[in-house]
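A short write-up of the structure that comes next.
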Amino acid sequence: MEKVFIYWDNSNIFHEAQRLAGEFEEGPDARYRVRIHFDNLLRLAHADRPVQRALAAGSVPPEMRQLWNRMEERGIQVQLFDRGDPGRSEQEVPDHVLQLQMLRDALEFNGDPGIVVLLTGDGAGYYEGGGFHRTLEAMHQRDWRIEVLSWAHACNQRMRRWAEANALFVSLDEFYPSITFTEPSRPGHELALPRKQAPLDLDRRRCA
């Protein structure tokens with residue numbers, strides 16, 4: 001069985017889940033209460049296939065430490081960056097780190113390509129010759145199979161069309177109840193009750 005290489009852009013996935021929470025959840029503070037259910041999203045990514053590499057990149061606010069620790073306990077390599085660097089955007093460094101590792105893996109496993117599972121909707125940089133979309137194209141040309149997992153509303157449309165035509169696009173919206181949960185409103189501001197994640201149904205998840 002071909003092995004899976006997972007590249008996880010945490011900021012993109014989490015911030016866009018916050019946008020959807022306002023539509024899918026109860027309470028006006030839903031975007032601040034929604035959380036990603038890490039275990040279910042990771043399983044959705046690998047779909048019970050063997051994982052050769054899994055890399056997640058994101059920023060270092062203290063409230064995220066528990067998530068990063070859990071990722072590392074599951075064998076995920078984590079790269080963290082200070083989002084307060086005034087010389088760079090919040091996404092610039094994490095994106096470049098993920099793309100660089102993708103290219104390194106493409107070279108290292110050139111004779112034995114696997115399956116790329118990219119969790120992001122960010123397709124910026126294409127016309128400048130860079131970005132995730134360009135990297136996916138380069139790996140696809142070297143016989144890597146490609147799966148893009150992204151929120152439908154947030155995925156770069158050019159990258160999505162390419163994935164639908166040449167690879168596989170998986171809309172995270174279809175799995176929203178399973179890959180997110182919500183915390184209760186703050187004490188004294190009881191606007192909504194918490195919500196647990198639903199069971200993950202992998203039978204609905206196509207693979208490349």
Q: Measure the shortest side-chain to side-chain distance between Ile179 and Leu44 over non-hydrogen atoms and say whether it is less than 4.5 angstrom.
A: yes
Q: Would you confirm whether Glu16, through its side chain, and Phe14, through its main-chain N or O, come within 3.5 Å as a donor-acceptor pair?
A: no
Q | Point-to-point distance, once rounded to the nearest 0.5 Å, from CG of Leu80 to CE of Met71 | A | 9.5 Å
Q. For the atom pair CZ (Arg53) and NZ (Lys3), what is the distance rounded to the nearest 0.5 Å?
A. 11.5 Å
Q. Does Arg74 CZ have over 12 foreign heavy atoms under 6.0 Å away?
A. yes
(Q) Checking the side chain of Asn12 only, and the main-chain atoms of Thr120 only, is there a donor and an acceptor separated by less than 3.5 Å? (A) no
Q: Go through the steps for Trp68 and Asn10 under the test side chain to side chain contact (heavy atoms under 4.5 Å, CB included), then give the verdict.
A: CA-CA 10 Å; Trp68 302 130; Asn10 183 73; 3.6 Å; yes
Q.
If you define the side chain from C-beta out and look only at heavy atoms, does anything of Gln52 sit under 4.5 Å from Val4?
A. no
Q) Does some side-chain heavy atom of Thr135 sit less than 4.5 Å from a side-chain heavy atom of Leu103? A) yes
Q: Identify the residue among Asp95, Leu100, Val93 that makes a side-chain contact (heavy atoms from CB on, under 4.5 Å) with Val97.
A: Val93
Q) Has the side chain of Asn156 got a donor or acceptor atom that lies under 3.5 Å from a matching backbone atom of Met159? A) yes
Q: Can you label the angle between the Trp162 ring and the His133 ring as parallel, tilted or perpendicular, going by 30° and 60°?
A: tilted
**Q.** Donor-acceptor contact present, side-chain Gln197 to main-chain His37, <3.5 Å
**A.** no
Q) Does the side chain of His46 reach to within under 4.5 Å of the side chain of Val117, using non-hydrogen atoms? A) no
Q | Tyr126 six-ring face occupied by Arg134 cation (under 6.0 Å, within 45°) | A | yes
Q) Under the 3.5 angstrom rule, does the side chain of Arg35 hit a backbone N or O of Thr182 as a donor-acceptor pair? A) no
Q: Please say whether more than 12 non-hydrogen atoms of neighbouring residues, nucleotides or ligands are located less than 6.0 Å from CZ in Arg158.
A: yes
Q. Donor-acceptor pair, Arg49 side chain versus Ala45 backbone, under 3.5 Å?
A. yes
Q. Which atoms form the tightest heavy-atom contact between Ala21 and Ala30, and what is the distance?
A. O-CB, 3.6 Å
Q: Tell me, with the steps shown, if Arg104 and Glu108 meet side chain to side chain contact (heavy atoms under 4.5 Å, CB included).
A: CA-CA 6 Å; Arg104 285 174 173 169; Glu108 180 179 350; 5.9 Å; no
**Q.** Heavy-atom check, side chain of Leu42 versus side chain of Ile6, under 4.5 Å
**A.** yes
Q: Could you tell me whether a side-chain N or O of Arg195 sits under 3.5 Å from a main-chain N or O of Val34, the two making a donor and an acceptor?
A: no
Q | Under 3.5 Å donor-acceptor, Trp151 side chain and Ile13 backbone | A | yes
Q) Quick one: CG on Leu136 to NE2 on His140, what's the gap to the nearest 0.5 Å? A) 10.0 Å
Q) Which atom pair, heavy atoms only, marks the closest approach of Cys155 to Phe169? A) SG-CE1, 3.6 Å
Q | Separation of Leu193 CG from Glu183 CD (nearest 0.5 Å) | A | 13.5 Å
Q. Tell me, do Cys207 and Glu147 make a side-chain contact under 4.5 Å, heavy atoms counted?
A. yes
(Q) Just so I know, are the side chains of Leu55 and Gln79 near enough to count as touching, which here means a heavy-atom distance under 4.5 Å? (A) yes
Q | ILVMFWY cluster, Leu41 and Leu202 together (side-chain gap under 4.5 Å) | A | yes
Q) Can the positive tip of Arg205 be found less than 6.0 Å from the middle of the six-membered ring of Phe175, inside 45° of the ring normal? A) no
(Q) Nearest 0.5 Å, please: how far is OH in Tyr7 from CG in Leu98? (A) 9.0 Å
Q) For Gly121 and Ser150, which heavy atoms make the closest approach, and how far apart are they? A) CA-OG, 3.3 Å
Q: Measure across Phe132 and Asp9 and return the closest heavy-atom pair with its distance rounded to 0.1 Å.
A: CE1-OD2, 4.2 Å
Q) Are the aromatic rings of Phe5 and Phe109 close, with centres under 6.0 Å apart? A) yes
**Q.** Heavy-atom closest pair, residues Ala152 and Ser171
**A.** CB-OG, 3.7 Å
Q | Full working for side chain to side chain contact (heavy atoms under 4.5 Å, CB included) between Phe181 and Lys196 | A | CA-CA 5 Å; Phe181 64 96; Lys196 291 185 177 180; 5.6 Å; no
Q.
For Tyr176 and Glu25, which I'm curious about, is there any donor-acceptor pair between the side chains at under 3.5 Å?
A. yes
Q.
Let me confirm one number: the CG-CG distance from Asp201 to Asn40, rounded to the nearest 0.5 Å.
A. 11.0 Å
Q. So, for Pro199 and Ser178, which heavy atoms are closest and what is the spacing to 0.1 Å?
A. O-OG, 2.8 Å
Q.
Looking at Arg160 and Val148, would you say the former's side chain and the latter's main chain have a donor-acceptor pair under 3.5 Å?
A. no
Q: Check whether any side-chain heavy atom of Arg33 lies under 4.5 Å from a side-chain heavy atom of Pro184, and answer yes or no.
A: no
Q) Between Met139 and Arg142, does a side chain to side chain contact (heavy atoms under 4.5 Å, CB included) hold up when you go through it step by step? A) CA-CA 5 Å; Met139 298 182 79; Arg142 290 161 176 78; 5.7 Å; no
